[in-house]
Amino acid sequence: MAHNVYLETFGCQMNELDSELVTSAMRGMGYQFVSDPAKAQVVLYNTCSVREHAEQKVWSRLGELALRKAREPRLVVGVMGCMAEREGEKLLKRMPVVDVLVGPGELDKLPGLVDNAIRTRLSLLDEKETQELLATPENERPDVSLLLSAGQVALAGQTSRRSATLAAAQDTLELLDLSRAISPDDLAAKGGAGRAAYVRITRGCNKFCTYCVVPFTRGAEVHRPPQAIVDECKKLADAGVIEVTLLGQTVNHYRFEHGASVSVGGVIQPQKGRAYGITNDPSGDPHRGESVTTFADLLHMIHEKVPAIKRLRFVTSFPRSFGNDILQVMRDSPRMCRYLHVPAQTGSDRLLKLMNRQYNVGEYLEFLDRARSFLHQPEIGRPLTLAGDIIVGFPTETEDDFEATKVLMRKAAYKNCYIFKYSPRPGTIAIDKFEDDVPDMVKRRRNAELLDLQDVIGKEVMAEFAGLTTDVFVTGVSKRQGRLTKARIAGEQGLEMGHVHSHAHTHAVAATTTAKPAGVSLTIGGKKLGGGDGNNDDDRGCAIDAASTIVGVEREDERDAMVPGRGGSNTPPTAAGPIQMSSRTDGDVIAFFDLPQGMSPDDLIGTIVKFKVKRCEPLALHGEMVGP
Ligand code: SAM
Ligand code: SF4
């Protein structure tokens, strides 16, 4: 019997990609994905541990499911991702409603474990027991979840950091990436979103920033073989993808040494990153050469071998060891985006040390200057845009440290910046070494001040775009347009807005939806986005971390275009008046324009067109389409 699965994703793009890969593997096994958890026999959460808030949401979801399981004892519940790895089997003890626990390094095992869990639950609960249970009044039922967790567990523990001999074993997680099913029909059904895809190049992290849980949950840095990455890009391009975002926690540290590569069954295995130490040699990766594929080499390879990828971008960059070799490839490759997300975290040298970031403010700003000198070319319609991450309220942060962060932000001139309040995470170095001594009120105040500051900086940065003609990737019909259309129909039909939602069969309302794979939804900042009926008004995302605050993103017309490939639909509205399209520049700036007369949204969605800037706002450009 085909089982219905509901999968909800919390957190970053890595998690989004993991969810996509797991979905495709499970679909191949006959599972169907649904957007309504109530209709699912299997409920899965792909979790994030970077800040406490993201975990709290999952705990509360699990609490709700425990009640449901008392009524539906066959329900299978799975927790995957960073929270599963961080909490380990303690999570099963605290929440026995959970049947399946899978860390991010073991996701290839998830489909098999879910299968086992379904069988285990059936065998634990025979028909008679189930009937008896269901006949018992709800408040008298035993805690069946406590008695009957199927206990299917796959966690990496500390094994991922053991010696290189382990690398000789087959990397089964790589098989999950390699088996990615890409169907042109599925992509076409997603509209603009289907034309943009993530490709993982590096897993894990070796940096051990003292506040961060990622090296513990995602394990050691592992680089995928370059040919596997190029092949995946080709497969995506053949299916219609035109924008690829390469993913890695410190993406610019990618390096694959062919001399040390290991093959199992003819498949070259991913390779652990070696501890060469971090250099800041601007001339490039000191290990480049014939038997090494550096990050610069990889970018060049993808650019040259897969020209159908019209936009190649990557996140997240680490501010050290970003050589001129990478900047040169970016400058000389017309299809490479002029966008860098390069977190500073703080403007205080003292705190950078305590955070173990391995650079100082001077080096960080030197890198930005170097990047600008290579890549900032507004005169040819190709400015460089920068995004940053800042943590406020790191232990011992003084007002002077905070002021230094403001100075850094002014000098960095980010297009947008993700501001986080420090959240002490169990298992990290900082929680053991430093007291969380900045009061929450102070963290909140500093957070708000930086948001205001970034608003001003963002306005100045965007003002530079005035009059520019540049390429934009059309992601869909803008949300504001969708709302206007909705409101118009509501007015015409005498309906409340809420009723319009339930009349989603109307042609024009369908135009407001964001096509996504059924049942795969994303939760950002605790709010469930998309999935469902795709008509969620809070459809916004962030480049690296979902629970962040995005400066200026509250304006509704910008939300749909914040995440690569998101936004838009396949269906043209029928309502009269110009239709506003949303798009992104190659520097990840949102751009709105009216649909030219005689065209339908489908003519443009998922394509790249020429756009002339007329008006600049802090996070968005308004203008007109001036050519294909
Ligand atoms: N690897 C990327 C880098 O180092 O630039 C960032 C990955 S991390 C998952 C995303 C962001 O979350 C970080 O840049 C940092 O600003 C923030 N972050 C990580 N741990 C945090 C913590 N304990 N409290 C607050 N913010 C945190
Ligand atoms: Fe975390 Fe990024 Fe530091 Fe790695 S480099 S430990 S992912 S903040």
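Model, not experiment: these values are computed from the prediction. Order of listing sets the numbers, starting from 1, for every ligand and every atom in it.
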Scanning both residues in full, the closest heavy-atom pair of Thr202 with Met14 reads O-CE, 3.3 Å
Here the ring-ring contact (aromatic ring centres under 6.0 Å, His included) pairs for residues 423-448, sequence neighbours left out, are Phe394-Phe434
Strictly below 4.0 Å, N to O, side chains only: are Asp436 and Lys443 in salt-bridge contact? yes
For Arg425, the ligand 1 atoms with a heavy-atom partner under 4.0 Å come out as 23 (N)
Ranking Gln345, Gln358, Arg357 by closest non-hydrogen atom to atom 2 (Fe) of ligand 2, top hit is Arg357
Nearest non-hydrogen contact to atom 25 (C) of ligand 1 from the set Arg218, His53, Met355, Lys421 belongs to Lys421
### Between Tyr211 and Gln345, a side-chain donor and acceptor under 3.5 Å
yes
The atoms of ligand 1 lying under 4.0 Å from a heavy atom of Tyr422, numbered in the order shown, are 24 (N), 25 (C)
For Phe420, the atoms of ligand 1 under 4.0 Å from one of its heavy atoms are 11 (C), 12 (O), 16 (O), 17 (C), 25 (C), 26 (N)
- Stepwise, does the salt bridge (Lys or Arg N to Asp or Glu O under 4.0 Å) test hold for Glu403 with Lys406? CA-CA 5 Å; Glu403 287 305 315; Lys406 289 186 182 168; 3.3 Å; yes
At under 4.0 Å between heavy atoms, what of Thr316 touches ligand 2? The answer is neither
By side chain to side chain contact (heavy atoms under 4.5 Å, CB included), Ala371 pairs with (sequence neighbours left out) Leu327, Leu340, Phe367, Leu384
Sorted by chain and number, sequence neighbours left out, salt bridge (Lys or Arg N to Asp or Glu O under 4.0 Å) with Arg425 holds for Glu55
Any heavy atom of Lys443 under 4.0 Å from ligand 1? The part involved is neither
Going by the 4.0 angstrom heavy-atom rule, the piece of Ile391 near ligand 1 is side chain
Note: ligand 1 atoms sitting under 4.0 Å from heavy atoms of Thr316 are 2 (C), 5 (O)
Near atom 1 (Fe) of ligand 2, meaning under 2.8 Å, the protein N/O/S atoms are Cys212 SG
- Task: Tell me, please: is Thr250 in heavy-atom contact with ligand 1, that is, under 4.0 Å?
- Result: no
Thr250 heavy atoms within 4.0 Å reach ligand 2 at atoms 5 (S)
Here the pair of heavy atoms bringing Ser348 nearest to Asp401 is OG-OD1, 2.9 Å
Atoms of ligand 1 under 4.0 Å from any heavy atom of Gln345, numbered from 1 in the order shown, are 13 (C), 14 (O), 15 (C), 16 (O)
